[in-house]
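All remarks here apply to the structure that follows.
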Amino acid sequence: MEYNFREIEAGRKKYWNEQQVYKVTNDTSKPKCYILDMFPYPSGAGLHVGHPLGYIASDIYARYKRLKGYNVLHPMGFDAFGLPAEQYAIETGQHPAVTTEKNIARYREQLDNIGFCYDWSREVRTSEPNYYKWTQWIFLQLFHSWYDRSQQKARPISELVAEFEKGGNINITCPADEAVEFDAVQWGNYSEKEQRDILMQYRIAYQGYAQVWWCEALGTVLANDEVVNGVSERGGHPVERKNMRQWFLRITEYADRLLTSLNTLDWSEAMKEMQRNWIGKSNGAEVRFRLSNLSPTLSKREGDVAQTNARDLSPALSKGEGGVAQARVEPGWNTADPLLYGSIKDFRKDLKNNLTEAENILWRQLKASQLGVKFRRQHIIGRFIADFVCLPKNLIIEVDGKIHEQQKEADASRTEYLAEKGFRVMRFTNEEVIADLDNVIRKIKTELTSPQSDNEVRNTSLSFGEGRGEVFIPVFTTRPDTIFGVDFMVLAPEHALVEDITTPEQKQAIDEYRQYVKSRSERERMSEVKQVTGCFTGAYAIHPLTDRQIPVWISEYVLAGYGTGAIMGVPSGDDRDHAFAKHFDIPITNIFGDKYTGEAAYSSKTGTIENSDFLTGMSIADATEAAIEELEDIGAGTRKVNYRLRDAGFSRQRYWGEPFPVMYVDDIPYGIDEPLINSDWHLGHLPVELPIVENYKPGPEGQGPLANIEDWVTTPIGQRETNTMPGYAGSSWYFLRYMDPHNSNEFASRPATDYWNQVDLYIGGTEHAVGHLLYSRMWTKALYDLGHIGFDEPFKKLLNQGMIQGSTRFVYRISDTNQFVSAGLKKHYDINPIRVDVNMVDGVELDIEAFKKWRPEYADAEFILEDGKYICGAEVEKMSKSKYNVVNPDDIVSQYGADTFRMYEMFLGPIDVSKPWDTKGIEGVHRFLKKMWRLYADEQKGWIVNDEKATDAELRILHKTIKKIGEDIERFSFNTAVSQFMICVNELSGCHKREILEPLAVIICPFAPHIAEELWHKLGNEGTVLNAAFPAYEQRFVTDNTKVYPVAVNGKTRIEMEFPIDAEQASVEKEVLANDTIQKWLEGKDPKKFIYVKGKMINVVV
RNA sequence: GCGGGCGUGGUGAAAUUGGUAGACACGCCAGACUUAGGAUCUGGUGCUGCGAGGCUUGGGGGUUCGAGUCCCUCCGCCCGCACCA
């Protein structure tokens, strides 16, 4: 009775199928464990041996957890929508549904071949209407929601409408455009379309405009990776950027939560780091630089400056308002009278540095009291300096003291002026503040919350900064501490301001430079060595703290899409700024003292700031805070957090994807679940099924193929959306559907999602690091916010499998001949290496006959052999068809069996490390299984398991193995577990005792389920081995009572000596020192120290 | 350039907390059984040396009784991001 794996595996698969042993119920009495593989896309190529690596690992873990008494959910399904199927359809005319079905069947067959314990009754496919019905439903939830920044969660859009009706959007910044402002009255007066347009700017799933790659020749929109080197991948046609209305998901609102909750996840540091990079949060400040030459009054006052810069006055100055219409207008907190600002400013600085005791106390209390509003101190309003002011509430707080005496202005004129500006003034005496601070704060609080306070704001808020006509260049910086080191500014060449600020003298140079930047393809920018280019605009900005004139440049190293598209150049502290200044001979201000050498920027984030006014002597961290505070106080900047993350494009101009449940009525998009006005009727119902199309050609104007189906697009109520959703739509929530896959009323019932909860173990490759894994986290958070599920992170533990690389085989053709030389002799010839199919090579020895038949041109090939063999060269590469190194798991399974295949994949090395596949090595594992089989059955004698009592040694090896296998599985160290099985079977050689072999069959079940099931039944058990319990090891068999110690002299191991495990140092020392060998190594010297670490080692120091 | 990971025999690798480096396999060598071996079994196999021994975890340095493991430094490879302010 030999190990006939073919018979065994076929029989056991049939048994599992018949008994439905993998069917999982939502049985809440057992602890649950949810183990998931990343959703495969069923490509036409089928699986190669690299794909199942993660599936085998999760299968082992799932079976182990089941043996440990868990209710294990371990499902599988298919991410079935996608571009390749559509591409194939365009090429062959076959419907994507047909080819997808075929590919899935093939995948399923290959997966079944390996013996996975998936509960196929829970299979989901994203392209099935009963699945994408719920993808559409979730889209509608996102469409009907907005992100409340104050509560940091998604809320129904109806609640936003209610807020608008109550108070406009005064307290709810519009995420799409901060400038959008309206009050309740205005909201009420807006038309339906205007209201819907505003709501669109708040929705989590929203419409906006985005640039897409449009290819005229193909008449279609291309994905980023379909554009290669600036032309279309297919056909090499030219492409251009085209602005199109697109759907987006407002993932940027979740940036901070996506970032912080990473800390709660058990993912690899590399994976978390990739997500952190992608989100790209940077803390800093937005600093506003005023353009120097746009204010005649200012120039007049600062006569000398105006003169030296007269030639630099930008056209915007003379053109006046027209030129700055699109520039940012001075924000509301710039309340100073521009005529007097310069002279008051210095005075203010003095005041600020010499606060009275009472002012100090009140300032600290105002900051600490969390009044919910921002106060500024020593703020300039018109001609006056207010002690404290809360601009949003138009409230001034004065503490009587030096100010009145010093300024000596008449109270009457002052109050009149402030009242005119809409301010209310509260006055406290020094004594009041010092003696009864609580009372003062209470009064301020009351004043702040009085209804009058709000009304006044609305009436007067618009009067500030209106029509001032000054141009500001906002920049984002992570290093506000270097503000005194600013020597120039750089705008992105595409920056909207460039045209307005460029002087006539510089116009030509700027135009030429901008033309140059436009001509630079992505490819050139990527491949060219870093070189400094740029152009001076002729304009100057004014340093907000020093009034210095700062030249404004443009350069391609500043990106339009990042931050504000402009930077402040600090050459002494930033490498690129330094190179820029050096290249264009811009004088460099040193703000780092000795640390800056003049040769290279000091970009380290530790050290002290020098030569920087009030920042001088502060650490970088302190200076950053102080600089931000100062900039905020004088209204030249705000603390700001910047993210690299962009909103996710959510529409594709394609056929094979989920249709949007959206309809346009009078060009306004509505969710089809929205009730029509004054009616219970809805626009439609879910799912919006994907219609059959005749062909897959794009629609007019770059629209998707659906646009061609006139009678589908046009309905009696409105026009359908013709875009489809992107590939990640269906995969962003599929893990929820497995919990309750046949539910036709909900995407999954709340009891089901509450029970199965988070995925306990998620296994997949790193390629989804920032796509799928980020989107599904966001969807989970949104569904959580809206109350549909009870957890806000989908994947608790993530395990990344490494790649299995191919091992390519080469033959060496002697140049210009049909002769091939064996690898060992190739150095004597002029040769060309040629890849050969790895399946024609046994190890490294070429099957010459197979090679001759491979290609007609090799039929007459001649070979120069070594030792009668043709030896191939080998190289590790990615496993791919084009490299002829693909190994199909089906072939391996048919030759060695699924159990051998599974164990070998695990034996190759750590699961998360990439390693090359070597078919030759599989024989070791196969031999092991045969050897194990022979413990149970003999070729001649048949079944040989007996009921003899096991020896102590046999029990020891068994229990040590039970312990190690359990521990290794828990820490996903599957390769060492396989080794332990080998050690165990080697040591049990000749043992045929049931007492040992029955537990062994159970613990190997996760790895080699077929043979385990077979042995389990042959041992006389009923039911599947999966219903057995993973045996517990007994402590007394895993702890030894003696230990063979390595005995070292001066750290070098010399001999081994055995001692009882609990031996005391004194007796050990005595015996060791008496030992002849040790004596020899001591060379008569006295030991200085005797180190005895119980259970570890012994070291004698001389 | 920045961030993360890694570097151990001919090969895949092991060493879980600082405690006998190379477990377990592949390959290779020798042998047994055999008509045969791409079956099975036994023994050997880091390098070096006749040997006692010496050397050895990418290189160099350090901490320690003791370092593959910790620290510094340099080199190389892989992954991610990349004129990211």
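In what follows, chains are A, B, ... by sequence order, proteins preceding strands, each numbered from 1.
With no hydrogens or angles considered, no side-chain donor-acceptor pair links A:Glu286 and A:Thr638 at under 3.5 Å. Counted by atom type alone, A:Tyr1092 and A:Asn1099 present zero donor-acceptor pairs between their side chains at under 3.5 Å.
Pairing partner, B:rC84: none, since no Watson-Crick or wobble contact has both distances short of 3.5 Å. Pairing partner, B:rG53: B:rU48, with both Watson-Crick or wobble hydrogen-bond distances short of 3.5 Å. Pairing partner, B:rU34: none, since no Watson-Crick or wobble contact has both distances short of 3.5 Å. Both distances falling under 3.5 Å, in either a Watson-Crick or a G-U wobble arrangement, occur for no nucleotide opposite B:rU8.
With B:rG27, B:rG19, B:rA25 as the choices, the nucleotide that has an atom nearest any side-chain atom of A:Asn986 turns out to be B:rA25. Side chain of A:Lys930, nearest nucleotide from B:rG53, B:rG12, B:rA39: B:rA39. Which of B:rG4, B:rA15, B:rC24 sits closest to the side chain of A:Ile983 comes down to B:rC24.
Using a 4.0 Å heavy-atom criterion, one finds that A:Glu273 contacts the sugar-phosphate atoms exclusively. In this structure, A:Val1047 reaches neither bases nor backbone, as no heavy-atom distance under 4.0 Å exists between it and the strands shown. At the heavy-atom level, A:Asn975 lies under 4.0 Å from the strands shown only through sugar-phosphate atoms. Residue-level contact check: A:Lys964 touches the bases, meaning some heavy atom is under 4.0 Å from a base atom. If you check every strand for non-hydrogen atoms under 4.0 Å, A:Gln980 touches nothing. Residue contacts for A:Val1044: at a heavy-atom cut-off of 4.0 Å it reaches a base atom on one of the strands shown.
Not a single donor-acceptor pair, N or O on each side, falls under 3.5 Å between the base of B:rC81 and the side chain of A:Asn277. Side chain A:Lys1096 to base B:rU17: no donor-acceptor pair is found below 3.5 Å.
Atom CD1 of A:Ile1091 is separated from atom P of B:rG19 by 14 Å (rounded to the nearest Å). Separating the CD1 atom of A:Ile957 from the C1' atom of B:rC24 is a distance of 12 Å, rounded to the nearest angstrom.
Between B:rC41 and A:Arg934, a contact under 4.0 Å exists linking OP1 or OP2 to a side-chain N or O. For B:rA82, the OP1/OP2 oxygens have a side-chain nitrogen or oxygen of A:Arg644 closer than 4.0 Å. Contact between the side-chain N/O atoms of A:Arg927 and the OP1/OP2 oxygens of B:rC41 is not found at any separation under 4.0 Å.
Using a 30° and 60° split on the angle between ring planes, A:Phe974 and A:Phe972 fall in the perpendicular class, above 60°.
For A:Lys964 and A:Glu967, the salt-bridge test fails: no basic side-chain N is under 4.0 Å from an acidic carboxylate O. Using a 4.0 Å cut-off between a side-chain N of Lys or Arg and a carboxylate O of Asp or Glu, A:Asp481 and A:Arg479 qualify as a salt bridge.
In terms of position along RNA chain B, the nucleotide closest to A:Glu967 lies nearer the 5' end than the nucleotide closest to the other residue of the pair A:Glu967 and A:Met274. A residue-by-residue look at A:Gln895 and A:Met568 shows that A:Gln895 has its nearest nucleotide of RNA chain B further toward the 5' end.
When the C1' atom is compared between B:rU45 and B:rA39, the two are found 23 Å apart, to the nearest whole Å.
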